[in-house]
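Remarks on the structure that follows.
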Protein chains: 2
Amino acid sequence: MIFLKDIWLKTRYITLYGLLMAILVFVLKWSQWRFLILDNALDIYIGLIAVFFTILGVWIALQLVKPKVQTVIVEKEIYIQPSDDWAINEAELKKLNLSTREYEVLQLLAKGQSNAEIAENLFLSLSTVKTHASNLFVKMDVKSRAQAIEKAKRLKITA
Amino acid sequence: MIFLKDIWLKTRYITLYGLLMAILVFVLKWSQWRFLILDNALDIYIGLIAVFFTILGVWIALQLVKPKVQTVIVEKEIYIQPSDDWAINEAELKKLNLSTREYEVLQLLAKGQSNAEIAENLFLSLSTVKTHASNLFVKMDVKSRAQAIEKAKRLKITA
DNA sequence: GGGGACTTCATACTTTAGTACCTATTGTGC
DNA sequence: GCACAATAGGTACTAAAGTATGAAGTCCCC
């Protein structure tokens, strides 16, 4: 049913337009006899159609117009330590023998993110993040994320 | 002349629309004779008008409608080199306006200690440590000890 | 001497974190 | 093909962390 709803949402305007056209054709077919009798009324007839379809066109356009996206850039101060000693990094990192995913989790964890936030950022479930974090703590020989952050910062193994 | 130009700019769409209508009426008046002969062609005639005015409506709407503006705020990170590595410490610390006890708690917290451990080290109850920590987080504008540690290390306000 | 901070502690509660254990899939190397 | 590591995810539980609110004492300053 979700599938059908999706199609409806994507094609609703076209569908509505089609239906309107169909109804209109029917109305015209039925009403043209009256107008053919009152031959002089053709101008009015045409005028009404013109107005109607103009309004319809305006309406369609209003529905379809894509909102323009205006980007506002807000400056945000970020303090970062000037990288002087920049090598211990690799050596200590290898010792820990972390897997790719574990390291990725550590990166975000060391930025102070919660498990839920990490899960969102890495497109993982909360369970998986917890599993990775738990394994990470064992490998790093720490007992909490707080200690993990402290150690990561101390060993300079964070990006 | 500027005055005239101003009026033109403000009313150009309406004027153009009026002109188009006038031309159309003329064309219709002239052409209806032919269509009245080919009576069966009325449907096609109506159809063409419908399509034409729909398109016209869309065009008018696109010209007149103010674009929907959707504002997206993007944070631009500006990396600031903390001036001289080992003095910001004091400056940043003062900004936070921490009390003595809060700062002591922060010290241990930033070493990765749990609330219980901090309580032991400072001879406080767990409640008190939690209270200090909570107030600390407010002053530091963070939401968890993880963020507090990260920020403390980044600002270099730990002993 | 009263108001305002800081400090200490408590209770009650909600939310995260963390652990343990299990299933399942996908590459990689032997 | 199969073992193995890595990845992803689930349930169920316990343990911390964090919030809210209130109470009480100390110290200092106007």
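Proteins come first, then strands; the chains are lettered A, B, ... in the order of their sequence lines, and each starts at number 1. We use all heavy atoms of the structure for the numbers below, so side chains are in, but hydrogens, waters and symmetry mates are not.
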| query | Do any N or O atoms from the side chain of A:Glu120 and from the backbone of A:Glu117 form a donor-acceptor pair under 3.5 angstrom? | reply | no

| A:Thr131 and A:Thr128 side chains, donor-acceptor separation under 3.5 Å | no

| query | In whole angstrom, what separates A:Leu98's CG from D:dT7's C1'? | reply | 15 Å

| note | To the nearest angstrom, the CD-C1' distance between A:Gln147 and C:dA17 comes to 13 Å

| note | Among the nucleotides C:dG18, D:dG18, C:dT16, whichever has the atom closest to the side chain of A:Arg145 is C:dG18

| said: At less than 4.0 Å, is any side-chain N or O atom of A:Asn115 found next to OP1 or OP2 of C:dT16? Yes or no. | reply: no

| query | Under 4.0 Å: is that the gap between some side-chain N or O of A:Thr100 and OP1 or OP2 of D:dT7? | reply | yes

| How far apart are the closest heavy atoms of B:Lys143 and B:Gln147, and which atoms are they? | N-OE1, 3.1 Å

| field | Value in whole Å for how far the C1' atom of C:dA17 lies from CD1 of A:Ile118 | value | 11 Å

| task | Give a yes/no on whether any side-chain N or O of A:Ser134 is located under 4.0 angstrom from OP1 or OP2 of C:dG18. | result | no

| Pick the nucleotide of DNA chain C nearest each of A:Val142 and B:Asn135; which residue has the one closer to the 5' end? | B:Asn135

| message | Categorize B:Lys139 for me: base, sugar-phosphate, or nothing, with a 4.0 angstrom heavy-atom threshold over every strand shown. | response | sugar-phosphate

| Of the nucleotides D:dT19, D:dT7, D:dA17, which one has an atom closest to the side chain of A:Ser99? | D:dT7

| task | Could you tell me which non-hydrogen atom of B:Arg101 sits nearest to which non-hydrogen atom of B:Leu122, and how far apart they are? | result | NH2-O, 3.6 Å

| Side chain to side chain, B:Leu155 and B:Lys151, heavy atoms closer than 4.5 Å | yes

Could you go through nucleotides 8-12 of chain D and list every protein N or O atom that sits under 3.5 Å from one of its N or O atoms, giving the distance for each pair?
residue	atom	partner	partner atom	Å
D:dA8	OP1	A:Arg101	NE	3.3
D:dA8	OP1	A:Arg101	NH2	3.0
D:dA8	OP2	A:Arg101	NE	2.5
D:dG9	OP2	A:Ser125	N	2.9
D:dG9	OP2	A:Thr128	OG1	3.3
D:dG10	OP2	A:Ser125	OG	3.3

| query | Rounded to the Å, how far apart are B:Leu136 CG and D:dT19 C1'? | reply | 15 Å

| query | Starting at CD1 of B:Ile149 and ending at C1' of D:dA16, how long is that distance when rounded to a whole Å? | reply | 14 Å

| task | Figure out the CG/P separation between A:Leu106 and D:dT7, and round it to whole Å. | result | 14 Å

| Distance-minimising heavy-atom pair for A:Gln107 and A:Ile157 | NE2-O, 3.7 Å

| Closest to the A:Ser114 side chain, choosing from D:dT19, C:dT7, C:dT16 | C:dT16

| B:Ala148 and B:Phe137: which non-hydrogen atoms are nearest, and at how many Å? | CB-CE2, 3.7 Å

| field | Atom of A:Asn97, atom of A:Lys139 and distance for their closest heavy-atom approach | value | O-NZ, 3.2 Å

| said: Output the pairing pattern of DNA chain D as a dot-bracket string, 5' first, Watson-Crick or G-U wobble with both distances under 3.5 Å, | for cross-strand pairs, [ ] for crossing pairs. | reply: ||||||||||||||||||||||||||||||

| said: Evaluate B:Met140 against B:Leu106 for side-chain contact (heavy atoms from CB on, under 4.5 Å), listing each step before the verdict. | reply: CA-CA 10 Å; B:Met140 289 182 74; B:Leu106 176 58; 4.0 Å; yes

| remark: Residues A:Glu150 and B:Lys153: closest non-hydrogen pair is OE2-NZ, 3.4 Å

| query | Rounded to whole angstrom units, what separation is found between the CD atom of A:Gln113 and the P atom of C:dA17? | reply | 11 Å

